[in-house]
**Student:** 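This is the structure I have questions about; it appears just below.
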Amino acid sequence: MDPAPLADAGVLDAGSGALPARGARPSHLRALIPFLALLALAVVLPLTDNDYYALIATRAAIYWVLISGLNLIVGFAGQLAIGYVALFALGAYTASVLAAGTVLPPAPVVLALAGGTAMGAASGVIVGLPALRLRTFYFAMTTLGFATIVTQVALGWQSVTGGGVGVAGPSLPAPFDTAWGLYYLCLGIAVLCTWMTANIARSRFGRALVATREAEVAAEAAGISKPALLVSVFLFAGAVAGLAGGLFASLQTYITPDAFTFDLSLLFFIAVLIGGRGSILGPLLGTIILTMLPEVAAPLAAWSTFVYAILVLVIVLAIPGGIAALLDFRSRRPLPRDRAILPHLGALGELLNADRAPVALALRGVALGFGGVRAIDGLDLDVSSGQVHGLIGPNGSGKTTTLNVISGYYAPQEGTLTAGAATLPSRMPSSRARHGIARTFQTPRIIGEATVLQNVMVGGTTIGQASFAEALLSLPRQLRDERRIEATARLALDAVGLGALADVRADRLQHSELRFVEIARALMLRPAFLLLDEPAAGLSPDEIKRLGALIRAISRRGVGVLLVEHHADLIFEICDEVTVLNLGRVLAHGTPAEIRAHKEVVSAYLGA
Ligand code: ADP
Ligand code: MG
């Protein structure tokens, strides 16, 4: 079981699975308790008056500054960034070199640390760029390669870095020049980083990160652009990694390349892993544990790589969800067994604006082949506002391919696609949301470990206006976005009849319920066109009836629906027009009555 990622009530809670309800948000406060307890301990730690404790605790705080950012990349976006020690080293060296003045005149320590932060941010994006194109495994290798390069440069560029001899770290002014003074500074920055990443986690950006990890095609269909999103995150994670490096150099007072080992990189990565992906409390605890581990078990220090390897194996095999999953009690509560999906069509009125100018989606001569197979072959198709257009045909006749071309997953080899006056660009699925095109999938694409509500909120990502930076700091526009997206999502869930399950983890739902979750998510775009790929598959006859009424009501609100379906009864009952495909070509087109009477269709597809 994985932790609820976005889930987190105000995310601080390591994965309790539910966004707090509107209003007082008691669960939000409850989620804060472990953090406040940790902070209280951290604040009184200096009472021990033990400089050794100060060193370890400062180190943990510094590591967490880096890991909090890395957590967004590894834990939320699911990118295997294992070489983050490189950014840590770059920050440390930049700050030290600037402060020592080996290249430029010596800079004040604040500027030196800022320089390290900027260097981290820039390098974070550079190291991150391959992730936008490469598969996770190759990305992992590039981050490792980068780490090796940084260490080699630090060793070789003696005039600047001091080579193997090293360079002095920036020394901080009073009151940060004592062990506990530095500790409080690092603690303060760590608290700030916790707060900022928690803000991101519970924003549309956090949800989008998890969506790109768990359901990438659905994320794109919701208008989420993965490259833009990841660049923001790489920038932030790089900045905090660089800052952490600068602080580390101050703590060490002197740095050499062998302070930045592969073991340290592993520590960063594994702290997120044992913490549990999509959580903040988990990786924070992971950081504290991993920083203390070599100290409490000093003889183990020489074995640390070995110990880490064992840890990873144990975690992956025994608790794949990490610490956060162990702490997640809420998702073990039973759900009512005899629940029914009861759409509330009245809610559609508020959700969809009926007075939108009618537009038409048109395919002209669209063709696409895979190797020798002509999946669709010269297809003309029109979907008009307020109409349900049924698309039927035997398996393999090109229905899903048609939806994939319309939603931008495939580029047609011939033909044109237009929505109103606009020509739809090929192969840009995340552009479709802007054209008001929403879709569901033949196999539901859901984030299992997020709540139903959060899954639907992913569909409303493009509603938000606040920037990533505003979300980091939880500024007013960000708070307004959240309120709007959540209110719209609750409305959409109400409309499809799943309001009561809003706060349940999506992987606990039945298959039929997931189909309605997908419709709710698609409605978040207030679409002009809704493409449904076999929404009735796996539904009971009663559910199919309600689905039919729902689709009908959606189209009556001015939405053009393209309905791919095998249930002929449903098609004939609710469609205004029907197109029958066979081998990628239109076999017949007409009203339901005409299709039912069409000889070839009856013999080829419908049966006697
Ligand atoms: P339907 O949804 O009507 O059952 P599809 O559109 O999924 O049919 O498939 C149409 C044809 O295109 C089938 O012959 C299928 O095997 C082929 N096809 C679809 N997608 C791909 C793909 N990505 N690669 C190769 N062949 C594909
Ligand atoms: Mg299909």
Side-chain angles (χ1 to χ4, degrees), residues 135 215-221 361-383 388-417 424 426-430 432 437-446 511-512 514-516 518-519 521-522 529-539 544 547 551 561-572 574-575 577-590 592 595 598 600-607:
R135 302 222 154 259
E216 188 165 353
V217 288
E220 288 174 322
L361 182 69
L363 278 67
R364 288 291 170 267
V366 171
L368 175 59
F370 298 102
V373 185
R374 297 288 275 178
I376 42 178
D377 197 0
L379 180 64
D380 292 345
L381 188 78
D382 290 275
V383 184
V388 183
H389 191 145
L391 187 61
I392 63 175
N395 270 330
S397 57
K399 305 181 298 294
T400 297
T401 305
T402 304
L403 291 201
N404 283 336
V405 167
I406 298 176
S407 47
Y409 291 104
Y410 297 144
Q413 288 153 343
E414 288 162 36
T416 57
L417 260 81
L424 299 175
S426 295
R427 288 206 56 97
M428 274 186 64
S430 64
R432 294 310 196 257
I437 300 174
R439 69 168 294 180
T440 67
F441 296 87
Q442 193 168 343
T443 320
R445 307 294 174 95
I446 295 283
H511 181 80
S512 56
L514 293 181
R515 296 217 171 266
F516 285 82
E518 281 216 320
I519 296 176
R521 184 177 63 198
F529 303 102
L530 178 59
L531 320 177
L532 300 171
D533 200 350
E534 305 200 13
L539 269 56
I544 294 180
L547 173 72
I551 296 174
V561 179
L562 181 60
L563 172 62
V564 169
E565 205 22 270
H566 272 303
H567 289 81
D569 293 348
L570 178 67
I571 288 282
F572 291 132
I574 69 168
C575 289
E577 53 182 324
V578 178
T579 296
V580 188
L581 286 185
N582 192 27
L583 298 173
R585 290 168 173 277
V586 176
L587 177 66
H589 172 98
I595 296 300
H598 195 286
E600 276 179 79
V601 175
V602 173
S603 64
Y605 177 54
L606 294 176

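Atoms within each ligand, like the ligands themselves, are counted from 1 in listed order. Please read these numbers as outputs of a predicted model, since none were measured by experiment.
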**Student:** Would you say T402 has any N or O atom under 3.5 Å from an N or O of ligand 1, going by distance alone?
**Tutor:**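 N/O-N/O distance under 3.5 Å: no.
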**Student:** For ligand 1, which is the ligand I care about here, please tell me if T401 has any N or O atom under 3.5 Å from one of the ligand's N or O atoms.
**Tutor:**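 Looking only at distances, the answer is yes, because the N/O contact criterion of under 3.5 Å is met.
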**Student:** Is there at least one pair of N or O atoms, one from G398 and one from ligand 1, spaced under 3.5 Å apart?
**Tutor:**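 Yes - when backbone and side-chain N and O of G398 are compared with those of ligand 1, one distance drops under 3.5 Å.
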**Student:** Are any N, O or S atoms from T401 nearer to the Mg ion (ligand 2) than 2.8 Å?
**Tutor:**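 For T401, the answer is no, given that no N, O or S atom comes within less than 2.8 Å of the Mg ion (ligand 2).
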**Student:** Can you confirm whether R374 is buried at CZ, in the sense that more than 12 heavy atoms of other residues, nucleotides or ligands lie under 6.0 Å from that atom?
**Tutor:**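 Enclosed: over 12 neighbouring heavy atoms sit under 6.0 Å from CZ of R374.
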**Student:** Would you check if D533 and F441 make a side-chain contact, meaning some heavy-atom pair closer than 4.5 Å?
**Tutor:**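 D533 does not reach F441 side chain to side chain.
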**Student:** Side chains of F529 and I406: does their closest heavy-atom pair fall under 4.5 Å?
**Tutor:**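 A side-chain contact under 4.5 Å is absent here.
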**Student:** Do E518 and R521 sit within salt-bridge range, that is, some charged N less than 4.0 Å from a carboxylate O?
**Tutor:**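 Looking at R521 together with E518, the answer is yes, because their closest N to O distance falls below 4.0 Å.
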**Student:** Of all the non-hydrogen atoms in the protein, which one sits nearest to atom 12 (O) of ligand 1, and at what distance?
**Tutor:**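 Among all protein heavy atoms, the one nearest atom 12 (O) of ligand 1 is A375 CB, 3.2 Å.
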**Student:** Considering only protein heavy atoms, determine whether one is less than 4.0 Å from atom 4 (O) of ligand 1.
**Tutor:**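 Under the 4.0 Å cut-off, atom 4 (O) of ligand 1 does have protein heavy-atom neighbours.
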**Student:** Quick one: does ligand 1 sit under 4.0 Å from the side chain of Y409, the backbone, both or neither, non-hydrogen atoms only?
**Tutor:**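 The answer is neither; Y409 stays 4.0 Å or more away.
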**Student:** Among protein heavy atoms, which sits nearest to atom 17 (C) of ligand 1, and what does the distance come to when rounded to 0.1 Å?
**Tutor:**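 Protein heavy atom at minimum distance: F370 CD1, 4.0 Å.
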**Student:** Less than 4.0 angstrom from a charged side-chain N to a carboxylate O is my criterion; do D382 and R364 meet it?
**Tutor:**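 Looking at R364 together with D382, the answer is yes, because their closest N to O distance falls below 4.0 Å.
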**Student:** Any N or O of G396 that comes nearer than 3.5 Å to an N or O of ligand 1?
**Tutor:**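 Right, the criterion is met.
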**Student:** Has the side chain of R445 got a donor or acceptor atom that lies under 3.5 Å from a matching backbone atom of T440?
**Tutor:**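 Between the backbone of T440 and the side chain of R445 there is no qualifying donor-acceptor contact (under 3.5 Å).
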**Student:** Just jot down the ligand 1 atoms closer than 4.0 angstrom to any heavy atom of T400, in number order.
**Tutor:**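 What qualifies from ligand 1 is 1 (P), 2 (O), 6 (O), 7 (O).
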**Student:** Taking the side chain as C-beta and beyond, is there a heavy-atom pair between V580 and H598 under 4.5 Å?
**Tutor:**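 No, too far: nothing below the 4.5 Å cut-off.
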**Student:** Taking side chain as C-beta onward, heavy atoms only, is L563 less than 4.5 Å from C575?
**Tutor:**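 Yes. Closest side-chain heavy atoms under 4.5 Å.
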**Student:** Aromatic contact between H589 and H389, with the criterion being ring centroids under 6.0 Å apart: yes or no?
**Tutor:**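 They qualify: ring centres under 6.0 Å apart.
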**Student:** Of all the heavy atoms in S397, does at least one lie under 4.0 Å from an atom in ligand 1?
**Tutor:**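 Within the 4.0 Å threshold, so yes.
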**Student:** What protein heavy atom sits nearest atom 23 (N) of ligand 1, and how far off is it?
**Tutor:**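 Closest protein heavy atom to atom 23 (N) of ligand 1: Y410 OH, 3.2 Å.
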**Student:** Within less than 2.8 Å of the Mg ion (ligand 2), any N, O or S from N395?
**Tutor:**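 No - counting backbone and side chain alike, N395 has no N, O or S atom under 2.8 Å.
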**Student:** Determine, counting only non-hydrogen atoms of the protein, whether one lies under 4.0 angstrom from atom 21 (C) of ligand 1.
**Tutor:**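 True for atom 21 (C) of ligand 1.
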**Student:** Which atoms from ligand 1 have a heavy atom of N395 less than 4.0 Å away?
**Tutor:**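 Near N395, the atoms of ligand 1 are 4 (O).
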**Student:** Which atoms of ligand 1 are found less than 4.0 Å from any heavy atom of V373?
**Tutor:**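 In order of numbering, the contacting atoms are 14 (O).
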**Student:** With the side chain counted from C-beta on, respond yes when E600 and L587 share a heavy-atom pair under 4.5 Å apart, and no when they do not.
**Tutor:**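 Side-chain contact under 4.5 Å: yes.
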